[in-house]
Amino acid sequence: MEERIVFHVDFDYFYAQCEEIRDSKIKGKCVAVCIFSDRGGDSGAIATANYNARKFGVKSGIPIMLAKNKLKEEDAVFLPADFDYYSDMSSKGMEIIEKYADVFEYVGRDEAYLDVTKKTEADFHNAEHLAQQLKNEIRNNLKLTCSVGITPNKLLSKIASDYKKPDGLTTVKPEQVEEFLSPLKIREIPGIGKKTEDIFTQMNVHTIEELRRINIFDLNKIFGRKTGGYIFNSAKGIDTEIVKERPPTIQFSKIVTLKKNSKELKFLQENVMELCVQLNIIAIENNKMYRSIGIQFVNEDLSTKTKSRMLKNPVSNEDQLKKVANQLLEEALVEQVMLVRRIGVRISEFSDVEGQSSITNYF
DNA sequence: CCCTCGATCAC
DNA sequence: CCTCATATCGAGGG
């Protein structure tokens, strides 16, 4: 049997909505959830904003300073992100959602895919009913609203859940796929971001209908075989990816914004060492050994430099991590001309630690 | 085939 | 004015 019914469930303006739920007094105001960097003051970025704030151009990713400026005339609150609280809300929500699925795929704190083909007997009418029940249960239990896309695949459901927000429910049946996609901006396709959009703008391609007219050879030439094929199929609403449990994470990383821009070895070392400590703890908590270690610079101008090294054998050891990270740091600094704004460390190429006790004890 | 690195996306 | 974390792709060099 070919035909599937897939949900994409997306909690609306999630972090900001969580804050509204915690303190209903701020509902009706502009709410911006902030990630403050270690620089102090208002250095940092907006994680999420509610719809009141979005009306004034405040959205995720923009600098906090800029957001404050945009909202200076408004009744606005700027709250520090409280990820523990959001994770807790997320767990409670996911626990409810999961029950509605034949197959459940957790994507992130605020989104999930559900294959509901069996549950709905592949009937879209049944599916809409099921989705409404899901939304009701989430709202009644958590006071949380979400938007749902109901379509034959993950790609379309992701686009559909975004189509009407907040508190939306959008169904696209197989025979409606073309008319649904045609007028949409290409940016609506997940994976098409700013850069890709710019390229298409130069080619005078703005809507998905226009995108559909580009042949696959040209797409492959511009974007490579994989991405070209992905864009080509996406324009037609074709996506064969199945809903399945996510495989475990394959890398961990930590990055900080430095107190001051610098390229001084000693100062950068101190920061890298601290990141190593934290990362190794994460590795141990997850029972992982790692074989690849990398560092990352984000320069003054926000350009990025990475340097990584594969080890002979996997390790899970703080001193080893520090030693290699430090080597990489020294090597990277040799050719470094710009000052560094942010610095990060990454571990990957995991293997599982067997047994109860940490293997580090044996070295 | 394996490794390194930059780029892109998007949370 | 610019957070933080992860995944993926493609190029280039062994």
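Throughout, a chain's letter reflects where its sequence line sits, starting with A, and its residues are numbered from 1. What you see below is based on every heavy atom in this structure, not just the backbone, and it leaves out hydrogens, waters and symmetry mates.
Here the P atom of nucleotide B/dC11 and the CD1 atom of A/I35 are 13 Å apart, to the nearest Å. In this entry the distance linking CD1 of A/I347 with C1' of B/dT4 reads 18 Å, nearest Å. Computed from coordinates, the A/E111 CD to B/dC9 P distance equals 17 Å when rounded to whole Å. Rounded to whole Å, the distance from CZ on A/R291 to P on B/dT4 is 9 Å. Straight-line distance from the CD atom of A/Q251 to the C1' atom of B/dT4: 14 Å, rounded to whole Å. Between A/L311 atom CG and B/dC2 atom P the separation is 17 Å, expressed in whole Å. Between the C1' atom of B/dA10 and the OH atom of A/Y230 lies a distance of 12 Å, rounded to the nearest Å. Put simply, CZ on A/F14 is 12 Å from C1' on B/dC11, counting in whole angstrom units.
Two residues, A/T227 and A/K254, neighbour DNA chain C, and the one matched to the more 5' nucleotide by heavy-atom proximity is A/K254. Looking at which nucleotide of DNA chain B each of A/T306 and A/K195 is closest to, the 5′-most match is held by A/T306. Residue whose closest nucleotide on DNA chain B sits further toward the 5' end, between A/T304 and A/S292: A/S292.
Summarising the local packing, CD of A/E95 is surrounded by 12 or fewer heavy atoms from other residues, nucleotides or ligands at distances under 6.0 Å. Within a 6.0 Å radius of NZ in A/K59, no more than 12 heavy atoms belonging to other residues, nucleotides or ligands are found. Annotation: A/M94, atom CE; neighbour count of heavy atoms from other residues, nucleotides and ligands within 6.0 Å is above 12. Other residues, nucleotides and ligands place no more than 12 heavy atoms under 6.0 Å from the OH atom of A/Y163.
Looking at heavy-atom distances under 4.0 Å, A/G294 makes no contact with the nucleic acid at all. The residue A/S60 sits apart from the nucleic acid: no heavy atom pair falls under 4.0 Å. Counting non-hydrogen atoms under 4.0 angstrom, A/R341 reaches the backbone sugars and phosphates but no base. Across all strands shown, A/I192 has heavy atoms under 4.0 Å from sugar-phosphate atoms exclusively, and none from any base. Nucleic acid contact for A/I46: none, since no nucleic acid atom lies under 4.0 Å from a heavy atom of the residue. Looking at heavy-atom distances under 4.0 Å, A/K70 makes no contact with the nucleic acid at all. A/R346 comes within 4.0 angstrom of nothing in the nucleic acid, heavy atoms only. Looking at heavy-atom distances under 4.0 Å, A/G108 makes no contact with the nucleic acid at all. When heavy atoms are screened at a 4.0 angstrom cut-off, A/I255 is found touching the sugar-phosphate backbone but no base atom. Within 4.0 Å (heavy atoms only), A/T249 reaches sugar-phosphate atoms of the nucleic acid but no base atom.
Residues A/F223 and A/Y230 place their aromatic rings such that the two centres sit no closer than 6.0 Å.
Of the candidates A/N140, A/L134, A/N141, A/N141 is the only one forming a side-chain contact (heavy atoms from CB on, under 4.5 Å) with A/E137.
Taking every nucleotide of DNA chain C with any atom under 4.0 Å from a non-hydrogen atom of chain A, the first and last of them, 5' to 3', are C/dC1 to C/dG10.
The pair A/R309-A/E331 counts as a salt bridge, with a side-chain nitrogen and a carboxylate oxygen less than 4.0 angstrom apart. Under a 4.0 Å N-O distance rule, the pair A/R246/A/E105 qualifies as a salt bridge.
Using a 4.0 Å cut-off, no side-chain N or O of A/K194 falls inside it from OP1 or OP2 of B/dC9. At B/dC3, none of the side-chain N or O atoms of A/K312 fall inside 4.0 Å of OP1 or OP2 (strictly under the cut-off). Considering only side-chain N and O atoms, A/T196 lies under 4.0 angstrom from the phosphate OP1 or OP2 of B/dC9. A sub-4.0 Å separation between OP1 or OP2 of B/dT4 and a side-chain N or O of A/K307 is absent.
Cation-pi geometry between A/R22 and A/Y85 is met: the NZ or CZ atom falls under 6.0 Å from the ring centre, inside 45° of the normal. In this structure, A/K254 fails the cation-pi test against A/F252, since its NZ or CZ atom is not both closer than 6.0 Å to the six-membered ring centre and inside 45 degrees of the ring normal.
Consecutive Watson-Crick or G-U pairing (both distances under 3.5 Å) extending over three or more pairs maps onto DNA chain C as B:1-8 with C:7-14.
With contacts defined as side-chain heavy-atom distances shorter than 4.5 Å, the pair A/M89/A/F11 does not qualify.
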